[in-house]
Amino acid sequence: MFKSLKREIDVVFDRDPAVRSRLEVILCYPGFHAIMIYRVANWLWRRNFKLLGRWVSHLGRFLTAIEIHPGATIGHGFFIDHGMGVVIGETTEIADNVTLYQGVTLGGTSWEKGKRHPTVLEGTIVGAGAKVLGPITVGADARIGSNAVVVKDVPPGATVVGIPGRIVKARGGLDEEMRRFDAYAIGTPDLPDPMARIVDGLLSEVQRLSARVSELEAGLDPEGHARAVTDAEARIHRLPGAGDRR
């Protein structure tokens, strides 16, 4: 038990530069409190003390503002930073070394029994306010940007932003660069915005078409139009048999 407690505290030191002491983690970190309460609730749930497990979970929600269903499966090295408003559903599966920030929802999109919530594989970071919904799989070492809404599978190592979530960076393999910790799932300050990229493309196309229309309008003054018609008629008259058709 003490080994497990030490490991959970070490996770905070690995991923939060603001932490100063182990005592501070024990007394002041709601994410740490939530995961400890979840471990108790999950232990009860798996031994068929379902109501008691839910009650312990509910107590944890009251104390930490973090709601973790006791039926969820959570691996080691799990870290919730700040934590306010985090919701983790019953059939959620979270692998080792996953990080969530405040306001994250790992939710379901169906009332049917069975698997309804996401599977989040190891090393993933989910930014503040993101919603990962349905029985989808988020690949290892993925990055979910703040406030993204993800409803489709995410490949390993991908960075997803936007509503609905769009992949803005996809990396193959799990190299050391991918495994580094990126606070709030932002590995670089110049991540491309897919919507901005689309709008920029549309603006460029509008400018090109506007320039082309201006060129065409410049050649359609009354004299120019008359000459164009005259030239066209002259070409018709020069065609073989044009006189017969007349």
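When a residue number appears, it is its place in the shown sequence, counting from 1.
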Check: Would you say the side chain of Val150 lies within less than 4.5 Å of the side chain of Leu133, judging by non-hydrogen atoms?
Finding: no
Next item on the list: Kindly check if the number of other-residue, nucleotide or ligand heavy atoms within 6.0 Å of CD (Glu205) is above 12?
Entry: yes
Next item on the list: Write out all pairs satisfying ring pair (Phe, Tyr, Trp, His ring centres under 6.0 Å) with one or both partners inside residues 22-58, taking only residues at least two apart or from two chains.
Entry: Trp45-His69
Check: Do Val149 and Pro164 touch side chain to side chain, with heavy atoms closer than 4.5 Å?
Finding: no
Checklist line | Pro70 backbone acceptor or donor facing Asn42 side chain under 3.5 Å | finding: yes
Notebook entry, point to check: Which atom pair, heavy atoms only, marks the closest approach of Arg39 to Ile74?
Noted result: NH1-O, 3.0 Å
Next item on the list: Provide the closest heavy-atom pair for Gly145 versus Val161 in the form atom of the first, atom of the second, distance.
Entry: CA-CG1, 4.3 Å
Next item on the list: Report yes if some heavy atom in the side chain of Val138 is under 4.5 Å from a heavy atom in the side chain of Thr119; otherwise report no.
Entry: no
Note to self: Do Pro118 and Thr92 have side chains that approach each other closer than 4.5 Å (heavy atoms only, starting at C-beta)?
What the structure shows: yes
Checklist line | Heavy-atom closest contact (Ile167 atom, Val160 atom, distance) | finding: CG1-CG2, 4.0 Å
Checklist line | Test side chain to side chain contact (heavy atoms under 4.5 Å, CB included) applied to Val19 and Val25, step by step | finding: CA-CA 7 Å; Val19 65; Val25 175; 3.4 Å; yes
Check: How about Ile26 and Ile9: do any of their side-chain heavy atoms sit closer than 4.5 Å?
Finding: yes
Margin query: Does either side chain, that of Thr91 or that of His117, offer a donor lying less than 3.5 Å from an acceptor on the other one?
Written below: yes
Check: Are more than 12 heavy atoms from other residues, nucleotides or ligands located less than 6.0 Å from atom CZ of Arg47?
Finding: yes
Next item on the list: Please identify each residue that fulfils side chain to side chain contact (heavy atoms under 4.5 Å, CB included) with Asp96, with sequence neighbours left out.
Entry: His76
Check: Between the main-chain N or O of Glu93 and the side-chain N or O of Thr73, is there a donor-acceptor pair closer than 3.5 Å?
Finding: no
Margin query: Quick check against the 3.5 Å criterion: does Thr64 have a side-chain atom that pairs as donor or acceptor with the backbone of Ile66?
Written below: yes
Margin query: So Leu100 and Ile88, do their side chains get closer than 4.5 Å, heavy atoms only?
Written below: yes
Note to self: Any salt bridge linking Arg15 with Asp10? Criterion: basic side-chain nitrogen under 4.0 Å from a carboxylate oxygen.
What the structure shows: no
Note to self: Is it true that, when you exclude Lys50 itself, more than 12 heavy atoms of the residues, nucleotides or ligands shown sit nearer than 6.0 Å to its NZ?
What the structure shows: yes
Next item on the list: Measure the shortest side-chain to side-chain distance between Phe13 and Arg22 over non-hydrogen atoms and say whether it is less than 4.5 angstrom.
Entry: yes
Notebook entry, point to check: Is there a donor-acceptor contact under 3.5 Å from the side chain of Lys131 to the main chain of Gly103?
Noted result: yes
Item checked: Exam field: side chain Ser57 to backbone Ile68, donor-acceptor pair closer than 3.5 Å -> yes
Next item on the list: Determine whether Arg116 and Pro135 make a side-chain contact, defined as any pair of heavy atoms from C-beta on separated by less than 4.5 Å.
Entry: no
